[in-house]
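First comes the structure, then the notes that go with it.
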Amino acid sequence: MTGQSFLPYGRQDISEDDIAAVSAVLRGDFLTTGPMVDAFEAALANRVGAAHAVVCANGTAALHLALAALQLEADGRNCAIVPSITFVATANMARAVGLEVVFADTDPDTALITTDTLAVALERAKQAGLTPRVVLPVHFAGQSPDMDALAALAATEGCVIIDDAAHAIGTISAGGYPVGGSPYAVMTCFSFHPVKTIAMGEGGAVTTQDPALAEALRRLRGHGLTRDPSCFENTEDAFTDGAANPWYYEMPEIGFNYRATDFQCALGLSQMKRLDAFIARRTALIAEYDERLKTLSQHITLLPQQPAQTPAWHLAVALIDFAAAGISRAAVMAILRSHGVGSQVHYIPVHRQPYYARRWPDLTLPGADRYYQRCLSLPLYPTLTAEDMNRVCLALTTALRGQP
Ligand SMILES: *Cc1c(COP(=O)(O)O)cnc(C)c1O
């Protein structure tokens, strides 16, 4: 359609205030680590009810830092439990710290890990001679799994929980706490990529209540270096007349450069001030999708909403029975595209990726597969207008009813 802009499945909303916040940093003295890093970390920690927030280069780096901070031995036996419906980074960063990945199935309708699928995955890990150490629940589309039950099961198996909350900044879980300030997760990882709910360009963060983990995360973010004299081991190099030498630092363990810049943090901080408005708009759009999809076709529904929580929706996932509708997903996506409507599949089950399928050749996860066969993410972002919504629904009607 001419004269209409393309509607992606997700995009950032940058205001004049956001631009001014970034410009102010560019005119100042700090391009990389500066006062905006501390300010954004404080705002994020405050928002999610965490004692500490450590911002970093992206959400993948956040997962890498969190998993590295656990200091688990890469002995070929330790493993992480990861739901198969997620972005590949969740599993990949477990591999990056030398853990084997054992995939958990998901609920076929919500794409969330459940206690049943976690129990099966734990059993499969043990059958394979592996020791489960960490569970990475994904707060998919902005909804939390049943964390109370998951945490109880994980604890009986001696596993800690690291939340992948890349989709879920602002979500209030069933226990009434914000994701990131969870009593269950030792650490929570966020992404602030432009398609996520708030944008830093590239950016991410880890939140935790544990001061020792926060310190480990900061050290790992900066090459593994410390300037804390109480940590110095090479005391002859470190001190002159009992005082720490001014040039001196030490590297007790290996780390990375996963810093976020001051201008990224200025954008994150400015966007954080708009989070409630973003969530309100996303919530209204989800309610409207829910209403309209009900009358659009019997073959389409919106991802079911979990009880007792207040999700900050990241994705508008439609579940479509393509076989019953008599049209392939590829054909639906092509019709949407011809109307200028973007859509995407979140996600291809990670256990199906060739790298992981080679490690687990006999694995089948029917819940994840059944979800995957039906999912299609529709445009969802704060600047999506009523007119845009009409266009999405008209395009879907065309695709699913064969009408123009
Ligand atoms: C986006 C995302 C990540 C990775 O975040 P980046 O900032 O893109 O590195 C990890 N997990 C999930 C579930 C995501 O959606």
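Each ligand, and each atom within it, is numbered from 1 in the order the structure gives. Computed from a predicted structure; not experimentally measured.
Every heavy atom of His346 sits 4.0 Å or more from the atoms of ligand 1. For the ligand labelled ligand 1, residue Tyr347 lies inside the 4.0 Å heavy-atom shell.
Here Glu202 has no heavy atoms under 4.0 Å from ligand 1, in either its backbone or its side chain.
Gly59 N, 3.4 Å is the protein heavy atom nearest to atom 6 (P) of ligand 1. Here the heavy atom of the protein found nearest to atom 2 (C) of ligand 1 is Lys196 NZ, 2.7 Å. For atom 9 (O) of ligand 1, the closest heavy atom belonging to the protein is Thr60 OG1, 2.5 Å.
The aromatic ring centres of Phe140 and Phe87 sit 6.0 Å or more apart.
Counting the atoms of ligand 1 from 1 in the order shown, those under 4.0 Å from a heavy atom of Ser191 are 1 (C), 5 (O), 6 (P), 7 (O). Interface of Thr86 with ligand 1, defined as ligand atoms under 4.0 Å from a residue heavy atom, comprises 13 (C). Those atoms of ligand 1 with a heavy atom of His167 less than 4.0 angstrom away are 13 (C), 14 (C), 15 (O).
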Inset, instruction - With side-chain hydrogen bond (donor to acceptor under 3.5 Å, both in side chains) as the test, would you mind laying out the steps for Asn58 and His193 before giving the verdict? - result: CA-CA 7 Å; Asn58 53 61; His193 181 278; over 6 Å; no
Inset, instruction - Could you walk me through whether Met200 and Cys265 pass the side-chain contact (heavy atoms from CB on, under 4.5 Å) test, one step at a time? - result: CA-CA 7 Å; Met200 288 174 69; Cys265 290; 4.0 Å; yes
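Under the 3.5 Å distance criterion, with hydrogens and angles disregarded, no donor-acceptor pair is assigned to the side chains of Arg282 and Tyr381.
For atom 10 (C) of ligand 1, the nearest non-hydrogen atom from the set Val88, Asn58, Asp164 comes from Asp164.
Looking at Thr310, Val48, Thr197, Val179 one by one, the single match for side-chain contact (heavy atoms from CB on, under 4.5 Å) with Thr171 turns out to be Val179.
Using the six-membered ring where Trp is involved, His167 and His314 have ring planes that are tilted, between 30° and 60° apart.
Under a cutoff of 6.0 Å and an axis angle of 45°, Arg329 and Tyr372 form a cation-pi pair.
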